[in-house]
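Accompanying notes for the structure given below.
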Number of protein chains: 2
Amino acid sequence: MSKPPPDPRRPLTLRDVSEASGVSEMTVSRVLRNRGDVSDTTRERVLEAARSLGYVPNKIAGALASQRVNLVGVIIPSLSNMVFPEVMTGISEVLEDTGLQPVVGVSNYDADREERVIYEMLSWRPSGIILAGVEHSDASRAMLAQAGIPVVEIMDTDGTPVVSAVGISHYRAGRKMAEAIIGAGYRRIAFLGTHMPVADHRARKRLDGFQEVLSRAGLSIVDREYYTGGSSLLKGREMTEALLKRSPDVDFLYYSNDMIGAGGLLWCLDHGIDVPGKLGLAGFNGMELLDGLPRKLATMDACRLEIGRRAAEIIAGKRSPGAPEIIELEPTLDLGDTIRR
Amino acid sequence: MSKPPPDPRRPLTLRDVSEASGVSEMTVSRVLRNRGDVSDTTRERVLEAARSLGYVPNKIAGALASQRVNLVGVIIPSLSNMVFPEVMTGISEVLEDTGLQPVVGVSNYDADREERVIYEMLSWRPSGIILAGVEHSDASRAMLAQAGIPVVEIMDTDGTPVVSAVGISHYRAGRKMAEAIIGAGYRRIAFLGTHMPVADHRARKRLDGFQEVLSRAGLSIVDREYYTGGSSLLKGREMTEALLKRSPDVDFLYYSNDMIGAGGLLWCLDHGIDVPGKLGLAGFNGMELLDGLPRKLATMDACRLEIGRRAAEIIAGKRSPGAPEIIELEPTLDLGDTIRR
DNA sequence: CTGAAAGCGCTAACAA
DNA sequence: TTGTTAGCGCTTTCAG
């Protein structure tokens, strides 16, 4: 009686390659990882066997044995945001040649969900974690602090990061925009943005800074229009129409992001409103979209690509090895065609 | 001599929880996974110990022991595309209550890179793979076929999937659009889209179908304008300007996607061109962006949300258990305001 | 309801 | 340059 043939649907193991090539499992392992010295003959034989069998290594076993995982968890609030693809590009660029791989998780601007995603990710013992914002549940902060791996919080530097942070100060960004608007002579300023109960802390901080500068100048926001759900041009139009119907005498519309700002701009142009003469507009983010509009919306660049790059460099240990650091980038203001000069 | 204290930075193990709670590792494991019967007292004690220690399970060890991984690999060409966030939403929605977690990989429209991403993903032994398109390298197809897990190719049904596919026929979509355009009386039709050497197979298939209908009607594409890199409104504007300068007598512009189509539309409106009277326009994708434009671009909906949902259902085994299947969805044509009625 | 033993597939460390 | 041994931290299986 010969022993039964192995289940053909069972994934192949190192042992299969070892048997097929007549080389020990250990040497096969070395060849496949390019570790240690192996003779060219042996190497060839092993590679040939692995290729012809269609062997795919089991990283689960490898990671358990070596206590090393080449994964970096990246936790962002949303994929549809336009903001994060660019951050991801920066991250991938840098990780590309480090052997590290980004793995994306989405928190939907929800702290509980974020906590679960962090827990899930940490349970795979990644080499590092990059996550958006500095506001997290206590449990999240505790987990991250305990994890013993590099943790970089991105986008925002207003607050206390668990370890390191790379971002801009949204508070200062709001101030800067307010100063530009007041400097241009606008006085009756309205705000259009996310409904604040939702946890978009960065938008809130921008608004805080914005309002502070206003009140120093003896001004305040004269009307507001909130929305919920995703941003879209259409929503920007609707909000703008509603606000201007209600408060026709405002002379500036400050939007919490470029997408709704662009919608508002289109609405104003459709309705023959004198922009920026009678009415000024501004958004936030420096979205590529804006470049194609009939007129360029005033905005601030959030340094997304650079943030991604710097964060990845910290994880990859290209910067100061392991030392916590906070990198605050400086967003640039673009007056576009919608703020008087 | 007492034994040295364990490294405090070492991640906690089941054993630590076991010792802290005075319950065997096995029972701790059962509690943490909600498996098997455990007395309420024991359960409480274990949970309390785990929580106070801040224990995060090691899924690597768990997966190796149980031969089960709750991950689903999702491989898409690009994050910045606007197309894939919606697919992801559909996937996440369905996986949400199955205990499965999507993990995203990006191939950058590059077959070699896709192959590497597939290899990486399979090496983590996921429960399923969802990937865009039906064109893959031979090695990729072989790996997927060997993997012994559900594999769903999405977006496109023109071709032979490895196992299952959910999508639309881009070839038929192109035909349908051409029929509508010819039916509306346009005759001098131009194409604006990606430079074809790049591997956007779906755009190519749409163009194939489009051209076939044209040639049956004795027509052909009278001019073309290609671009490379990402789509943007600005690029759409530039291409449109270039093409109309060169061929002022065309009466229809067929764009390979909505983003450049929208840019073209804005350019036409800026230049007082009579749309859709003198010049018709159409794109592809059904992007939300279009709803906020001054005029609505004609387009076809690619059923992205539905595709994501169906694909995830196959992976989750909610549909016919394991049987290969091909689901072809029917894209809907929206004439918008840029095709004569 | 609880525990002990065996082993998942691989790699570190050491031996030859 | 190659092979052997002993786990990595967990779950399966089986025994109480």
Side-chain angles (χ1 to χ4, degrees), chain A residues 6-7 9-47 49-50 53 55-70 99 120 122-127 147-148, chain B residues 6-7 9-47 49-50 53 55-70 99 120 122-127 147-148:
Chain A
D7 176 1
R9 301 194 56 82
R10 165 186 65 81
L12 298 166
T13 68
L14 221 40
R15 163 176 233 121
D16 296 305
V17 182
S18 166
E19 281 169 3
S21 63
V23 174
S24 77
E25 286 187 41
M26 195 53 234
T27 300
V28 172
S29 169
R30 280 196 267 255
V31 170
L32 264 22
R33 286 176 300 145
N34 280 316
R35 281 273 150 38
D37 294 325
V38 179
S39 74
D40 285 351
T41 356
T42 313
R43 174 187 313 287
E44 282 313 315
R45 235 183 329 153
V46 169
L47 288 177
L53 291 175
Y55 171 71
V56 176
N58 185 333
K59 287 220 180 191
I60 298 172
L64 184 62
S66 68
Q67 308 281 58
R68 241 190 304 280
V69 178
N70 70 334
E120 280 293 315
L122 288 181
S123 74
W124 287 101
R125 302 288 187 264
S127 294
Chain B
D7 177 0
R9 302 192 55 83
R10 164 186 65 83
L12 299 165
T13 68
L14 220 40
R15 165 176 232 121
D16 296 305
V17 182
S18 166
E19 283 170 0
S21 64
V23 175
S24 77
E25 286 187 41
M26 196 51 238
T27 301
V28 172
S29 168
R30 280 196 268 256
V31 171
L32 264 21
R33 284 176 299 142
N34 281 316
R35 282 266 159 19
D37 294 326
V38 179
S39 76
D40 283 352
T41 355
T42 312
R43 175 186 313 285
E44 282 313 316
R45 241 196 309 167
V46 169
L47 288 176
L53 291 176
Y55 172 70
V56 176
N58 184 333
K59 287 220 182 194
I60 298 173
L64 184 62
S66 67
Q67 308 279 64
R68 243 189 302 280
V69 178
N70 70 333
E120 278 293 314
L122 288 180
S123 74
W124 287 102
R125 302 289 186 264
S127 293

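This structure is a prediction, so every number in the text was calculated from the model and none was measured. In the text below, chain A, chain B and the rest are named by the order of the sequence lines, each starting its count at 1.
- Across the protein-nucleic acid pair, B:Arg35 atom CZ and C:dT2 atom C1' stand 17 Å apart, rounded to whole Å.
- Atoms CD and CG, from B:Gln67 and B:Leu64 in turn, are 6.5 Å apart once rounded to the nearest 0.5 Å.
- Looking at the side chain of B:Arg30, the nearest of the listed nucleotides D:dG3, C:dG7, C:dG3 is C:dG3.
- Interatomic distance, A:Leu53 CG to A:Thr13 OG1, rounded to the nearest 0.5 Å: 10.0 Å.
- In the set D:dG9, C:dA13, D:dT11, the nucleotide with an atom closest to the side chain of B:Ser66 is D:dT11.
- Nucleotide C:dT11 holds its P atom 10 Å from the NZ atom of A:Lys59, rounded to whole Å.
- Rounding to whole angstrom units, CG of residue A:Asp40 and C1' of D:dT2 are separated by 15 Å.
- Phosphate contact (OP1/OP2 of C:dA12, side-chain N/O of A:Arg68, threshold under 4.0 Å): present.
- Of the candidate nucleotides C:dC8, D:dC10, D:dT11, D:dT11 has the atom nearest to the side chain of B:Ser29.
- Interatomic distance, B:Arg30 CZ to B:Arg43 CZ, rounded to the nearest 0.5 Å: 11.5 Å.
- One can place CD of B:Gln67 at 14 Å from P of C:dG7, the figure rounded to the nearest angstrom.
- For C:dT2, one of the phosphate oxygens OP1 or OP2 lies less than 4.0 angstrom from a side-chain nitrogen or oxygen of B:Ser39.
- Atom-to-atom, CD1 of A:Ile60 to P of C:dT11 comes out at 13 Å; the value is rounded to the nearest Å.
- Atom CG of A:Leu32 is separated from atom C1' of C:dG9 by 13 Å (rounded to the nearest Å).
- For A:Ala61, the listed nucleotide lying nearest its side chain is C:dC10; candidates were D:dC10, C:dC10, D:dG3.
- Between the CH2 atom in B:Trp124 and the CD1 atom in B:Ile60 there is a gap of 5.0 Å [rounded to 0.5 Å].
- Here C:dG9 presents its P atom at 10 Å from OH of A:Tyr55, a figure rounded to the nearest Å.
- Between A:Thr42 and D:dT2 there is a side-chain N or O to OP1 or OP2 distance below 4.0 Å.
- You'll find that the side chain of A:Thr13 is closest to C:dC10, out of C:dC10, C:dA12, C:dC8.
- Side-chain proximity of B:Met26 to D:dT12, C:dT11, C:dT2: nearest is D:dT12.
- When distances run from any side-chain atom of B:Thr27 to the nucleotides D:dC10, D:dT11, C:dG3, the shortest one goes to C:dG3.
- Atom pair B:Arg33:CZ and D:dT13:P shows a separation of 11 Å (rounding to whole Å applied).
- Map B:Gly22 and B:Leu64 each onto its nearest nucleotide of DNA chain C; the residue landing nearer the 5' end is B:Gly22.
- As judged by a 4.0 angstrom heavy-atom cut-off over every strand, A:Asp37 is placed among the base-contacting residues.
- The distance from atom CG of B:Leu47 to atom OG1 of B:Thr42, rounded to the nearest 0.5 Å, is 10.5 Å.
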